[in-house]
Protein chains: 2
Amino acid sequence: MNEASRNARRDDGATPVAGAAPTFAPLYRQIRELLLRGLQSGEWKPGEAIPSEVELAARYRVSQGTVRKAIDELAAANLVVRRQGRGTFVASHREVRTQFRFLRLRPDEAGASAGSPGAGSAGEAAPGMVMTSRVLECRRLRAPSEAARALGLRAGEAVVTIRRLLEADGEPAVLDEIWLPGARFRGLSAERLDAWHGPLYLLFETEFGVRMIGAIERLKAVVADRSRARTLQVAEGSALLLVERISHTYGGQPVELRRGYCVTRRHHYHNELS
Amino acid sequence: MNEASRNARRDDGATPVAGAAPTFAPLYRQIRELLLRGLQSGEWKPGEAIPSEVELAARYRVSQGTVRKAIDELAAANLVVRRQGRGTFVASHREVRTQFRFLRLRPDEAGASAGSPGAGSAGEAAPGMVMTSRVLECRRLRAPSEAARALGLRAGEAVVTIRRLLEADGEPAVLDEIWLPGARFRGLSAERLDAWHGPLYLLFETEFGVRMIGAIERLKAVVADRSRARTLQVAEGSALLLVERISHTYGGQPVELRRGYCVTRRHHYHNELS
DNA sequence: TAGTGGTCTAGACCACCGT
DNA sequence: CGGTGGTCTAGACCACTAA
């Protein structure tokens, strides 16, 4: 198989560094890109199983080990979940583990029970708090320049904007201001949001076919203005944690701009460095 | 080799879940633990090469592939760096890539040139700013209860505390308040710090044999009190980003408590979710 | 029991690095 | 050139899951 297929497909496509000479990608990366294409195109939907390793190996005419390494990378990127004895499944925001990858707010008294990982365990603890959401506003408008830039839209294109208040254990915790590209989110309305109970990203995934697979966040500390202070029920002039997020779907394409104003009196933003 | 060595060593040690029945670890994890022990004991020092894969395979009497998988995990945890054609090296804070894993502050105008990773590239950009440090204070004292708890010390044990001001491009950016266990940091003094030019963690690594390999951070927004406002040259009542960090060395053992008060007027804390 | 992912091996060859 | 990590293969067996 090798002597032919190795050079059959050139160029990774994942690292389009301008000016770099076209480089050849190892087989398992080429396979990874093929699988990625299947995920992106919806050939396999969130929650479904992808074909078994042996079947994929036969289909692409490579060894199982090579397919395995390709899937390993997809699993490392949380695009796919392996389950021994059952198969490999497309990651979905239906799963709790996925949900809390994007919610970094935690109650302060987390017990601090030192998990102490050996060399590389994830150790995701379930945040012991009840989150409820209340939609304050949802409307369509022409993209403000800032949102257009973040979402890669032309100035004036349609966007959907949402304002919602998250409460943690009954207390106002986060005021979210969200912008979404109008083209991908036709039919998204306040009614639709009110009727939905569950994570926002799960709604996006099931109703609009938009899977959030990653995000870049910029955190700042800001002073609460009058309006935000009121909705969050804190004093004007309080310090708020501003989390600006641009999340993307397959291929790094941005599909959400979000600004979350967080009350960090009894909560904090959790992050692990390694 | 296999029929014997597979069950020769039992129990991972990395996941000491109380009450769980003793479980057997795959060979490559056992090898990983052995290598980890070598790193921890200083058998191979930061910057040095560890033995080659074939040599390790011979030493532990397993196949090269098994050693390889063990090293893969150590590399994924940033404990070790592979260099094709040269060898595998113990990670050191001397390297720039390592340094900025722990410095998440970035200047606001980072160009925002959407890097758009394919499936799982790290894409660490060099923060385009000049950081300089000025030590305000360094003294030894009995651990305040909070620091003792964070560092796992008995109340009243000795700690070293440091206060330092970081300037980014000439402007005050971060006020750090640091606590270190006194036992591990004998001889650390203001003079020693003043004489040092370079990352703090590199000093710890080279002079005290303490390698920071990970940390847990809790972020909050706070209001600047009079004293901190003055040293950071901002108005009293400004919002500051408080980054509380507990960093650890091998085995998850905490060795630093740090509180950083960040001015986020022209900078932000950068984070990537996936 | 059949099918899946998980581990381990042994050997081949490639790409890269320093001498 | 020799040594290192990187890729790929083929086959064996194990651990787990579901029918």
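Just so it is clear: chains get the letters A, B, ... in the order the sequence lines come, proteins before strands, and each one is counted from 1. If you're wondering where the values come from, they're calculated on a predicted model, not measured in any experiment.
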Counting only side-chain heavy atoms from C-beta out, which of [options] sits nearest to [X]?
{"X": "B:Y28", "options": "C:dT4, C:dC8, D:dG6", "answer": "C:dC8"}
{"X": "B:V62", "options": "C:dT9, D:dG5, D:dT7", "answer": "C:dT9"}
{"X": "A:L27", "options": "C:dG6, D:dT9, D:dG6", "answer": "D:dT9"}

Send over the distance from [X] [atom1] to [N] [atom2], rounded to a whole Å.
{"X": "B:F89", "N": "C:dC17", "atom1": "CZ", "atom2": "P", "value": "12 Å"}
{"X": "B:R68", "N": "C:dT7", "atom1": "CZ", "atom2": "C1'", "value": "16 Å"}
{"X": "B:E53", "N": "D:dT7", "atom1": "CD", "atom2": "C1'", "value": "12 Å"}
{"X": "B:F24", "N": "C:dT7", "atom1": "CZ", "atom2": "P", "value": "16 Å"}
{"X": "A:Y60", "N": "D:dC8", "atom1": "OH", "atom2": "P", "value": "15 Å"}
{"X": "B:D72", "N": "C:dG6", "atom1": "CG", "atom2": "P", "value": "15 Å"}
{"X": "A:R82", "N": "D:dC16", "atom1": "CZ", "atom2": "P", "value": "16 Å"}
{"X": "B:I50", "N": "D:dG3", "atom1": "CD1", "atom2": "P", "value": "19 Å"}

Judged by atom type as modelled, is there a donor-acceptor pair below 3.5 Å linking the side chain of [X] to the main-chain atoms of [Y]?
{"X": "A:Q30", "Y": "A:A25", "value": "yes"}
{"X": "B:R211", "Y": "B:A91", "value": "yes"}
{"X": "A:T66", "Y": "A:Y28", "value": "no"}

[N] phosphate, OP1 or OP2, under 4.0 Å from [X] side-chain N/O:
{"X": "B:K69", "N": "C:dT7", "result": "yes"}
{"X": "A:S52", "N": "C:dG3", "result": "no"}
{"X": "A:S63", "N": "D:dC8", "result": "no"}
{"X": "A:T88", "N": "C:dG5", "result": "yes"}
{"X": "A:R83", "N": "C:dT4", "result": "no"}

inquiry  = With rounding to the nearest 0.5 angstrom, report the CD to CG distance, A:E95 to A:N78.
reply    =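 Spacing of CD (A:E95) from CG (A:N78) equals 10.0 Å.
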key: Upstream residue (5' side of DNA chain C) when B:V67 and B:R86 are each assigned their closest nucleotide   =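 So the residue in question is B:V67.
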query = Parallel, tilted or perpendicular: which fits the ring planes of A:Y269 and B:Y269, with parallel below 30° and perpendicular above 60°?
reply = perpendicular
ask   = Contact class for A:Q84 vs. all strands (heavy atom < 4.0 Å): base, sugar-phosphate, or nothing?
value = base
query = For the residue pair B:A70 and B:L35, what are the closest heavy atoms and their distance?
reply = CB-CD1, 4.4 Å
query = Does the ring-ring contact (aromatic ring centres under 6.0 Å, His included) test come out yes or no for B:H93 and B:F204, once each step is laid out?
reply = CA-CA 9 Å; B:H93 285 279; B:F204 294 170; 9.1 Å; no
ask   = Can we say B:R192 and B:E207 salt-bridge, meaning some charged N sits less than 4.0 Å from an Asp/Glu carboxylate O?
value =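 B:E207 and B:R192: salt-bridged.
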task = Describe, as an angle rounded to 10 degrees, how the axis at the first end of the helix from C:dT1-D:dA18 to C:dC16-D:dG3 is tilted relative to the axis at the last end, five pairs per end.
result =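 Comparing the first five pairs with the last five, the axes sit 10° apart.
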